[in-house]
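Let me begin by presenting the structure, written as structure tokens, before commenting on it.
Chain naming here is simple, since letters A, B, ... match the order of the sequence lines and numbering starts at 1 in each. Model, not experiment: these values are computed from the prediction.
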Number of protein chains: 2
Amino acid sequence: MASGTGIRQTALSGGGQGPGALEPLVQTVLEALAKGAVRRGGPVPAGTPQELAADVERVCAEADGDDALHRLTELLAHGSADPADPSCAAHLHCPPLAVAVAADLAVSALNPSQDSWDQAPAATAVETLLLQELAQLVGYDPAEAAGVLTSGGTESNLMGLMLARDRVLGRAAARQIELSGVPGTGPRPRIFASAAAHFSVQRSAALLGLGEDAVIPVPVDHELRMKPEALATALRDCVARGEVPVAVVATAGTTDTGAIDPLGTCAALAAEHGAWLHVDAAYGGGALLSDELAPLVGGIALADSVSLDWHKLGWQPVAAGIFLVRRAETYASLARRAVYLNPQDDEEASYPSLLGLSLRTTRRADVFKIAVTLRTLGRAGLGQLVDACHELARGGAEAVRAHPRLELHADPVLTAFLFRYLPEGADPAHTDQVNAALRRRLLREGRAVVGRTELPGEGPGRVRLKLTLLNPHTTAAEVERLLHAVAAAGQAEEENQ
Amino acid sequence: MASGTGIRQTALSGGGQGPGALEPLVQTVLEALAKGAVRRGGPVPAGTPQELAADVERVCAEADGDDALHRLTELLAHGSADPADPSCAAHLHCPPLAVAVAADLAVSALNPSQDSWDQAPAATAVETLLLQELAQLVGYDPAEAAGVLTSGGTESNLMGLMLARDRVLGRAAARQIELSGVPGTGPRPRIFASAAAHFSVQRSAALLGLGEDAVIPVPVDHELRMKPEALATALRDCVARGEVPVAVVATAGTTDTGAIDPLGTCAALAAEHGAWLHVDAAYGGGALLSDELAPLVGGIALADSVSLDWHKLGWQPVAAGIFLVRRAETYASLARRAVYLNPQDDEEASYPSLLGLSLRTTRRADVFKIAVTLRTLGRAGLGQLVDACHELARGGAEAVRAHPRLELHADPVLTAFLFRYLPEGADPAHTDQVNAALRRRLLREGRAVVGRTELPGEGPGRVRLKLTLLNPHTTAAEVERLLHAVAAAGQAEEENQ
């Protein structure tokens with residue numbers, strides 16, 4: 001077959017010859033990564049998105065045959081925002097550990113798919129084992145808990161809310177939801193989440209057919225932490241209106257400030273109202289790895305379900321999401337027999353199946369890199385990385401406080417903090433403009449990738465910059481230099497406007 | 001930081017030093033893959049799932065520190081069902097091309113995330129460009145179309161049905177679905193899919209809050225192709241009952257037989273009833289790469305939305321799902337402003353954002369390996385691989401026909417076919433047992449991974465075996481040997497029972 005195409009081009013990654021076929025190609029990739037990084041020469045390529053898109057179009061038009069792997073890899077490396085650069089600190093976008101990346105190569109090469117045992121014999125067993133360890137880390141009883149690897153917090157949050165919906169509204173698999181927004185047709189299901197919770201809560205409500213406005217935003221304090229008395233009131237009001245409190249979503253580590261909602265109080269209030277408690281610990285779950293920070297997420301084991309993301313504070317390449325439930329029997333919605341994947345007689349013959357645990361069918365063995373990382377570094381080793389990033393954030397916040405033109409929003413809880421540049425005697429709208437513009441200036445000049453967000457609420461004066469420190473090898477001096485670059489860009493924008 | 005942990009253990013994959021840190025680790029992985037493959041010595045490890053799980057537990061308990069990467073990789077390789085082995089031919093589980101795997105390593109190392117430009121500058125542009133090419137391949141006008149990379153057909157099917165639901169029922173983002181199953185509260189939304197359509201159609205309906213039984217299964221012919229007159233009747237009956245036909249799902253390549261529903265007729269009937277047409281071409285989309293087979297999916301460009309999976313007939317490691325819509329303006333449900341990801345002033349400054357195209361937030365740049373593969377092999381090169389697998393399936397079907405104890409269900413449409421072993425004068429239930437048992441015997445002996453499924457319907461006699469031929473380097477003789485091994489295992493089971 002394929003007589004017109006070269007051996008190198010159609011070689012497979014598996015079988016006895018796979019490793020040999022991969023070797024020169026992997027070498028090509030490593031060389032191109034190195035060249036691209038040098039060409040970039042900073043955290044992000046200088047220039048506008050249009051200039052970069054034109055570059056991409058040109059290279060994609062020119063590259064073909066054996067040339068393509070090298071040219072496109074160099075392009076990708078040159079055109080990346082590299083989280084391993086100390087000046088790339090905008091998002092919950094971690095620099096992966098080399099050992100996790102190497103482990104992930106094994107997964108690509110062997111291509112196990114977790115939807116049936118006969119596509120992933122060992123990977124099925126590894127996932128089962130690792131989920132028990134992660135359940136234990138959360139404080140669940142591993143013999144009672146269940147879970148699955150996900151594409152991230154968004155999918156995990158969706159799963160938690162789906163289980164909550166189906167528990168309250170009856171199993172959706174069996175029948176259509178018997179509730180509606182039409183007056184008089186039934187009580188309205190409601191979800192409670194803080195005003196600083198991740199937008200995937202609203203998005204999940206829409207996907208689940210409950211409507212985005214099924215989510216009642218609970219007010220937050222200055223640090224963006226849910227106010228417990230506000231949750232109590234919101235739940236009481238909901239019941240008084242004759243509506244159904246389906247779920248409380250508590251955030252352990254908001255995207256912007258790392259704020260952790262009062263988990264114990266959320267659990268008590270959810271239980272009191274018969275609502276499911278889902279804890280979105282996509283970011284804050286990293287605290288579980290650190291002896292110093294773990295108390296911050298005390299109470300997480302009271303949750304009915306939890307989201308963790310090891311592609312945040314876990315240094316894994318995307319995706320490394322984890323969804324866990326405290327009690328496996330609450331995990332019924334997805335149970336499913338597919339005669340070509342998990343027939344009953346196979347199950348009787350003790351062939352395990354993870355099919356009924358995931359929203360997906362085909363599913364990459366994302367568990368493997370996590371298992372390798374945990375064995376390589378141990379919880380203690382990973383905890384040191386978490387602590388290092390936490391220290392960097394504390395140092396960065398101090399440096400902001402010490403700078404006459406920078407204003408800190410609040411002390412870091414985990415590894416991120418909000419701040420802004422203060423132009424001379426500026427009104428709030430102008431301050432917003434300068435901060436948004438200075439961030440784009442840093443991007444355009446290829447000098448830094450810092451975050452920008454807005455505080456909850458209405459009106460001007462809410463734009464903030466953000467540093468999310470996820471690179472444990474960054475030094476305090478580098479963070480300080482980054483903050484000075486921010487201030488300099490602010491001054492340049494101020495003079496510019 | 002991390003003074004207690006070695007440099008090798010905490011090195012990052014990015015930055016200037018990433019490639020150097022990766023090099024020895026990647027070497028370790030390639031060596032361990034080779035060793036594991038030798039130890040496996042066949043398509044799948046011999047033994048029971050329990051024996052393998054015990055192995056996994058032991059290695060995971062023993063491996064630590066620098067040792068872990070090698071030991072766990074060897075374990076994964078030893079414990080894999082390797083689709084690059086000619087006797088591993090059960091599922092739509094392809095052996096990846098080495099070049100695609102190498103490209104995927106670059107993605108793991110740089111870790112772009114597609115939810116904001118400043119986490120993935122070049123990868124954002126590559127995804128936009130590749131989706132235009134794929135839209136063109138489907139026959140869409142790339143200037144009108146839109147799409148996104150997905151985790152696979154299940155997510156793509158969910159997206160198509162979500163857009164269909166929201167078009168008919170109003171934007172779910174804005175309000176709760178105003179329909180319910182309670183009699184008298186509103187017309188019931190319905191989805192039409194063949195009885196052989198993928199189970200993700202039912203699962204999506206449940207997730208979307210419509211209930212699994214919103215899906216009306218349309219009868220199929222012997223080859224498992226939807227009967228067009230049955231669809232016409234089902235749609236007419238639905239309207240007569242006062243229900244709302246939300247979507248027709250046409251399958252282009254059923255999982256078991258590769259059957260392709262009559263796409264043109266489905267499009268005409270969907271249009272007549274104002275229903276969305278989603279074409280699930282997760283498998284059959286591969287035909288678009290082959291001049292010979294492309295006519296089989298004629299009419300696909302009439303679909304409102306399409307699922308493609310390049311981790312099936314595309315030789316990519318998982319995940320390489322693609323979701324496309326014909327007209328970008330129908331893609332409204334997910335449009336979303338997240339102030340920390342795509343603020344309005346960034347958009348005005350021409351920073352593009354893919355956030356509103358995906359159900360996910362954090363998202364791996366799965367597009368990159370596809371782009372590299374397409375540049376390396378071209379459509380023609382990939383088409384040769386598709387044709388080679390198609391030829392293998394035709395040859396295999398002939399070999400089944402020629403074998404006195406094997407019975408072919410139907411000629412292959414794409415690269416798969418169903419068949420069974422016929423025990424001496426057996427009743428249907430016994431034949432089912434023997435076939436299910438012979439497949440497990442082959443697994444247990446580590447000799448072959450063949451598929452098993454059941455034909456639609458009720459009662460015994462529906463169990464079938466399946467070969468899904470996705471390895472273009474497999475020879476006709478190897479397929480024949482595999483079929484002889486199946487027959488021999490059948491005979492052994494027959495004598496055993």
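For the set L97(B), L92(B), T128(B), the count of heavy-atom pairs under 4.5 angstrom toward chain A peaks at L97(B). Per-residue counts of heavy-atom pairs under 4.5 Å with chain A were compared for P343(B), A338(B), A214(B); the largest is that of P343(B). The greatest number of non-hydrogen atom pairs below 4.5 Å with chain B, out of G18(A), G14(A), P121(A), is found for P121(A). Between chain A and the options M162(B), Q50(B), E31(B), the largest number of non-hydrogen pairs under 4.5 Å is found for Q50(B). Taking chain B as the reference chain and counting heavy-atom pairs below 4.5 Å, the highest number among L158(A), D85(A), V126(A), T255(A) is found for T255(A). Chain A forms the most heavy-atom pairs under 4.5 Å with one residue out of G378(B), P352(B), A81(B), A349(B), and that residue is A81(B). In terms of heavy-atom pairs under 4.5 Å with chain A, the best-connected choice from A125(B), P19(B), P49(B) is P49(B). The candidate from S108(B), G16(B), P45(B) with the greatest count of non-hydrogen atom pairs under 4.5 Å with chain A is S108(B). Counting heavy-atom pairs under 4.5 Å between each of D67(A), T28(A), V38(A), T362(A) and chain B puts T362(A) at the top. With chain B as the partner, the residue from A37(A), A53(A), P95(A) showing the most heavy-atom pairs under 4.5 Å is P95(A). Interface remark: of the candidates N471(A), T124(A), V449(A), L69(A), L69(A) forms the most heavy-atom pairs closer than 4.5 Å to chain B. The candidate with the highest count of non-hydrogen atom pairs below 4.5 Å against chain B, out of L443(A), T453(A), L130(A), V339(A), is V339(A).
Using a 4.5 Å cut-off between heavy atoms, H78(A) does not touch chain B at all. With a threshold of 4.5 angstrom between heavy atoms, D55(B) does not approach chain A through any atom at all. Interface remark: Q433(A) contributes no atoms to any contact with chain B (heavy atom separation under 4.5 Å). Heavy atoms closer than 4.5 Å to chain B are found in both the backbone and the side chain of A371(A). For a residue to count as touching a neighbouring chain, one of its non-hydrogen atoms must lie under 4.5 Å from one of that chain's; by this rule A106(A) touches chain B with backbone and side chain alike. Both the backbone and the side chain of D346(A) come within contact range of chain B, with heavy atoms under 4.5 Å apart. With a threshold of 4.5 angstrom between heavy atoms, E391(B) does not approach chain A through any atom at all. Residue V56(A) touches chain B through both its backbone and its side chain, counting heavy-atom pairs closer than 4.5 Å. Within the 4.5 angstrom heavy-atom criterion, no atom of E155(B) approaches chain A. Of the two parts of S116(A), only the side chain, counted from C-beta on, holds a non-hydrogen atom closer than 4.5 Å to a non-hydrogen atom of chain B. Using a 4.5 Å cut-off between heavy atoms, L129(B) contacts chain A through its side chain alone, with no backbone atom that close.
In this structure, A84(B) and L12(A) approach most closely via the heavy-atom pair CB-CD1, 4.2 Å. Counting all heavy atoms, side chain and backbone alike, L110(A) lies closest to A77(B) at CD1-CA, 3.5 Å. Of all heavy-atom pairs spanning L76(A) and A123(B), the tightest one is CD1-CB, 4.0 Å. The nearest pair of heavy atoms linking D104(B) to R364(A) is OD2-NH1, 3.2 Å. Nearest heavy atom pair, residue L33(B) against residue A109(A), reads CD1-CB, 3.9 Å. A pairwise comparison of heavy atoms in D82(B) and G15(A) identifies OD2-N, 2.7 Å as the closest pair.
At least one side-chain heavy atom of R375(B) sits less than 4.5 Å from a side-chain heavy atom of C60(A). A heavy-atom distance below 4.5 Å is found between the side chains of L207(B) and L208(A). Proximity of V99(B) to Q9(A): side-chain heavy atoms (C-beta onward) are nowhere separated by under 4.5 Å. Using a 4.5 Å heavy-atom cutoff, the side chains of S350(B) and T48(A) are not in contact. By the 4.5 Å heavy-atom criterion applied to side chains, H473(B) and T10(A) are counted as neighbours.
Distance check: T361(A) OG1 to H198(B) NE2 gives 4.5 Å after rounding to the nearest 0.5 Å. Taken to the nearest 0.5 Å, the CZ atom of F368(B) stands 5.0 Å off from the CG atom of L72(A).
Just one of L105(B), L22(B), V101(B), V29(B) meets the side-chain contact (heavy atoms from CB on, under 4.5 Å) condition when paired with V26(A); it is L105(B).
The side chain to side chain donor-acceptor pair (under 3.5 Å) search around S80(A) returns none, not counting sequence neighbours. Under the ring-ring contact (aromatic ring centres under 6.0 Å, His included) criterion, Y351(A) pairs with W117(A), not counting sequence neighbours.
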Q | S113(A)/H91(B) under side chain to side chain contact (heavy atoms under 4.5 Å, CB included): CA gap, chis, key distance, verdict | A | CA-CA 10 Å; S113(A) 180; H91(B) 295 281; over 6 Å; no
Q: Determine, stepwise, if the pair S151(B) / R363(A) fulfils side chain to side chain contact (heavy atoms under 4.5 Å, CB included).
A: CA-CA 7 Å; S151(B) 59; R363(A) 186 158 62 84; over 6 Å; no
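Salt-bridge annotation for D118(A) and R452(B): absent, with no side-chain N of the basic residue lying under 4.0 Å from a carboxylate O of the acidic one.
For the pair N111(B) (side chain) and C94(A) (backbone), a donor-acceptor distance under 3.5 Å is present.
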